[in-house]
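Worksheet: one structure, shown below.
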Amino acid sequence: MDTHMNAAVKTYGLYLGGEWLTTADTIPVTHKYTGNVIAHISRAQQKHVTDAVTLAEKTFKASKLTPFDRYSILLKAAVLTEIRREELELSLAREVGKTLKDAKGEIDRVINTLRLSAEEAKRISGEMVPLHATPGSENRLGFAIRVPKGVIGAITPFNYPLLLSTHKVAPAIAAGNTVVLKPATSTPISSFQLVEILEEAGLPKGHINIVTGAGSEVGDWMLADERIAMYTFTGSAEVGKRIKERSGLRPVSLELGNNSPNIVHNDADLEQAAKIISTRSFHNAGQACIAVQRILVQEDVVAEFTEKYLDFVNGLVVGDPENSSTDVGPMINEKEAIRTEQWIEEAVAQGAKILCGGKRAGAVIYPTVLSETTPEMKVNCMEVFAPVVTIIPYKTIDEAFDISNRSSYGLQAGIFTTNLQIAFQAARTLEYGGVIINDVSTYRNDVMPYGGVKNSGLGKEGPRYAIEEMTELRMVVVNL
């Protein structure tokens with residue numbers, strides 16, 4: 001039986017103030033493996049974006065949700081997500097091309113992020129400020145409180161559409177803000193499912209509004225609206241830079257790209273390193289900003305590591321994401337797969353060697369491992385965002401750190417070593433927002449502060465840290 005044909009084609013309108021609005025102009029959403037149309041979404045006009053912000057601002061000013069209300073809603077949303085798990089996993093497999101294994105991991109993290117955000121809603125507090133310590137202020141009492149910013153403009157990418165929308169929406173709600181959400185045009189269904197879950201959990205209408213359409217249009221209209229108090233964006237460095245330039249004095253949180261290094265030193269457990277790195281090199285078809293891209297291996301063990309690593313990689317199952325045994329599914333579209341194929345071909349023309357993979361079938365790129373690459377090749381110096389990794393030998397650990405840091409990016413890095421001194425040297429030396437020791441750069445626990453330096457962005461995500469970004473510290477002085 002062909003399970004791909006089970007889902008009816010649904011049309012999603014814009015979601016403004018709790019009401020659905022279908023526009024005349026729609027955009028198809030396709031199944032990323034079969035190419036079949038699985039939904040249609042409405043294309044917003046500038047008026048719709050203005051209306052969304054108006055409704056979000058009106059709701060923010062009128063909202064009576066207490067911190068406990070927000071906690072209760074987000075906690076119930078976590079329960080409802082678990083109940084709808086199977087439906088959500090299948091939906092991710094279809095609209096993203098994510099394997100069911102990867103989709104399960106995403107739903108696990110969505111549930112955790114909702115719970116963490118719920119808990120943080122009850123913990124928002126300020127601090128005492130010792131004004132009395134300054135001569136002349138002995139009779140003054142000072143304290144700071146945290147207050148919500150207002151309307152949060154959230155723009156999310158295609159690769160983890162439900163999780164990354166949750167990472168923006170749930171802390172915004174927990175903090176007492178309202179949201180105008182613009183999901184990726186190719187994977188918008190998750191955002192509509194999220195709002196359904198939140199409203200079923202008790203979130204009053206108007207707290208979250210969704211506008212869909214091309215980012216170059218809808219995103220720009222959002223940036224032009226001065227009533228949006230803060231922008232939170234996950235996507236490319238190029239777009240992130242434009243958002244920062246156009247946002248003026250309004251704060252931004254930017255989660256951008258990376259070309260993650262993963263260092264394997266000669267004292268590492270090579271079997272463990274090969275297994276962990278191979279397992280996480282190609283999840284979500286390499287379309288993750290902390291995906292393994294550059295594997296730096298100390299030259300004494302590069303041959304042994306490469307053999308063990310390729311043994312694992314060659315065992316990966318490639319194909320239909322709806323098949324429960326599949327490890328690597330399609331990329332987001334054939335255009336991106338062709339771009340990846342061209343980068344591989346360009347690297348080979350410049351002297352790189354293909355150790356495995358290198359093949360393309362439609363939107364599917366088979367897991368590809370390259371050796372004998374050079375720093376200026378696109379597969380090393382840019383973000384490949386595809387199931388492609390390079391193996392790079394190094395002599396000393398200082399050289400490995402230098403190679404890692406010679407990048408315009410700095411999101412997360414991984415290092416495998418049994419030497420505690422080297423591990424802590426890595427933590428101090430690697431210019432990355434996160435340094436993961438004896439695990440891959442792709443490790444992310446939703447409780448931790450997540451964010452990079454350099455072209456990898458500004459600000460931190462993770463519910464506690466996102467709430468800090470989404471609230472203002474307001475000083476209160478009482479003259480006694």
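Quantities reported herein were computed from a predicted structural model and do not represent experimental measurements.
For the atom pair CD1 (I276) and CZ (F312), the distance works out to 10.0 Å, reported to the nearest 0.5 Å. Expressed to the nearest 0.5 Å, how far CD1 of I189 lies from CG of L194 amounts to 14.0 Å. For the atom pair CD1 of I83 and CG of L80, the computed distance is 5.0 Å after rounding to the nearest 0.5 Å. Of the inter-residue distances, the one linking R464 atom CZ with I124 atom CD1 reads 12.0 Å to the nearest 0.5 angstrom. T23 OG1 to K47 NZ: the interatomic distance, rounded to the nearest 0.5 Å, is 11.5 Å. Atoms NE2 and CG, on H283 and D327 in that order, are 12.5 Å from each other to the nearest 0.5 Å.
In the model, T390 has no side-chain atom that pairs as donor or acceptor with a side-chain atom of Q293 under 3.5 Å. Side chains of T232 and K168: a donor on one and an acceptor on the other come within 3.5 Å. Neither side chain, S191 nor Y15, offers a donor N or O lying under 3.5 Å from an acceptor on the other. Using a 3.5 Å distance cut-off with no hydrogens or angles, the side chains of H207 and S63 do pair a donor with an acceptor. Residues N177 and K149 bring no donor and acceptor atom of their side chains to less than 3.5 Å of each other. Under the 3.5 Å distance criterion, with hydrogens and angles disregarded, no donor-acceptor pair is assigned to the side chains of E120 and Y465. With no hydrogens or angles considered, a side-chain donor-acceptor pair links S407 and N259 at under 3.5 Å. A donor-acceptor pair shorter than 3.5 Å can be found between the side chains of S190 and E95.
Here the closest non-hydrogen pair linking P204 and I73 is CD-CD1, 4.4 Å. Of all non-hydrogen atoms in S42 and T22, the two that sit nearest each other are OG-CA, 3.5 Å. The two residues A174 and I467 make their nearest non-hydrogen contact at CB-CD1, 3.8 Å. Across all non-hydrogen atoms, the minimal contact from E383 to N258 is CG-O, 2.9 Å. Nearest approach of F158 to T187, heavy atoms of both residues: CA-OG1, 3.1 Å. Nearest heavy-atom pair across G97 and P321 is O-CB, 3.5 Å.
Residues L370 and I391 have side chains not in contact (no heavy-atom distance under 4.5 Å, counting atoms from C-beta outward). Between L296 and V264, every side-chain heavy-atom pair lies at or beyond the 4.5 Å cut-off. The shortest side-chain heavy-atom distance between Y309 and I295 falls under the 4.5 Å cut-off. Counting heavy atoms from C-beta outward, P367 and V318 have side chains that approach closer than 4.5 Å. Residues H40 and V37 have side chains in contact (heavy-atom distance under 4.5 Å, counting atoms from C-beta outward). With contacts defined as side-chain heavy-atom distances shorter than 4.5 Å, the pair Y450/E255 qualifies. Looking at heavy atoms from C-beta onward, M222 lies in side-chain contact with V180 at the 4.5 angstrom threshold. Inter-residue side-chain proximity for I332 and K32 is flagged as met; some heavy-atom pair is nearer than 4.5 Å.
Ion pairing between a basic and an acidic side chain is recognised when a charged N comes within 4.0 Å of a carboxylate O; R85 and E82 show such pairing. Under the 4.0 Å criterion applied to side-chain N and carboxylate O atoms, K460 and E469 are not assigned as salt-bridge partners. Using a 4.0 Å cut-off between charged side-chain N and carboxylate O, E334 and R360 make a salt bridge. Ion pairing between a basic and an acidic side chain is recognised when a charged N comes within 4.0 Å of a carboxylate O; E461 and R444 show such pairing. Salt-bridge formation is not detected for the pair K98/E89: no Lys NZ or Arg NE/NH1/NH2 atom is positioned less than 4.0 Å from an Asp or Glu carboxylate oxygen.
Side-chain N or O atoms of N314 include none that pairs as donor or acceptor with a backbone N or O of C356 at under 3.5 Å. Although no hydrogens or angles enter the test, the distance criterion places no donor-acceptor pair under 3.5 Å between the side chain of T156 and the main chain of A154. For S456 (side chain) and G410 (main-chain N/O), a donor-acceptor pair under 3.5 Å exists by modelled atom type. Between the side chain of N209 and the backbone N or O of G17, at least one donor-acceptor pair lies under 3.5 Å. A distance-only check finds a donor-acceptor pair linking the side chain of E106 to the backbone of L162 [under 3.5 Å]. With S165 contributing its side chain and P161 its backbone, the two residues share a donor-acceptor pair below 3.5 Å. Side-chain atoms of T178 come within 3.5 Å of backbone N or O of A56 as a donor-acceptor pair. Checking side-chain atoms of Y231 against main-chain N and O of L223 turns up a donor-acceptor pair under 3.5 Å. In terms of modelled atom types and a separation under 3.5 Å, the side chain of N284 and the main chain of G286 share no donor-acceptor contact.
For K244, the NZ atom is loosely surrounded, since the number of other residues' heavy atoms within 6.0 Å does not exceed 12. Within a 6.0 Å sphere centred on CD of E238, other residues, nucleotides and ligands contribute 12 heavy atoms or fewer. Atom NZ of K275 is surrounded by 12 or fewer heavy atoms from other residues, nucleotides or ligands within 6.0 Å. Other residues, nucleotides and ligands contribute over 12 non-hydrogen atoms within 6.0 Å of the CD atom of Q350.
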Practice problem: In sequence, state the C-alpha distance, the side-chain angles, and the governing distance for E336 and R339, and then conclude on salt bridge (charged side-chain N to carboxylate O under 4.0 Å, His left out). | Solution: CA-CA 5 Å; E336 280 299 300; R339 188 265 307 165; 2.7 Å; yes
Quiz prompt | Test salt bridge (charged side-chain N to carboxylate O under 4.0 Å, His left out) applied to D69 and K64, step by step | solution = CA-CA 9 Å; D69 292 337; K64 299 291 191 291; over 6 Å; no
Practice problem: Check the pair S404, Y432 against side-chain hydrogen bond (donor to acceptor under 3.5 Å, both in side chains), reporting the backbone distance first and the verdict last. | Solution: CA-CA 9 Å; S404 299; Y432 287 80; 5.4 Å; no
Exercise. Check the pair T326, D320 against side-chain hydrogen bond (donor to acceptor under 3.5 Å, both in side chains), reporting the backbone distance first and the verdict last.
Key: CA-CA 7 Å; T326 300; D320 185 349; over 6 Å; no
Practice problem: Take N159 and T234, measure what side-chain contact (heavy atoms from CB on, under 4.5 Å) needs, and give me the verdict at the end. | Solution: CA-CA 10 Å; N159 57 336; T234 301; 5.5 Å; no
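Listed by chain and number, the residues in a salt bridge (Lys or Arg N to Asp or Glu O under 4.0 Å) with R250 are E226 (sequence neighbours excluded). In this structure I436 satisfies the side chain to side chain contact (heavy atoms under 4.5 Å, CB included) test together with Q412, D439, Y443, sequence neighbours excluded. Considering only residues two or more places apart in sequence or on other chains, T54 meets the side chain to side chain contact (heavy atoms under 4.5 Å, CB included) condition with T50, R227.
No close placement of the F385 and W343 rings is indicated, their centers lying 6.0 Å or farther apart.
The cationic atom of K122 (NZ for Lys, CZ for Arg) lies less than 6.0 Å from the six-membered ring centre of Y71 and within 45° of the ring axis.
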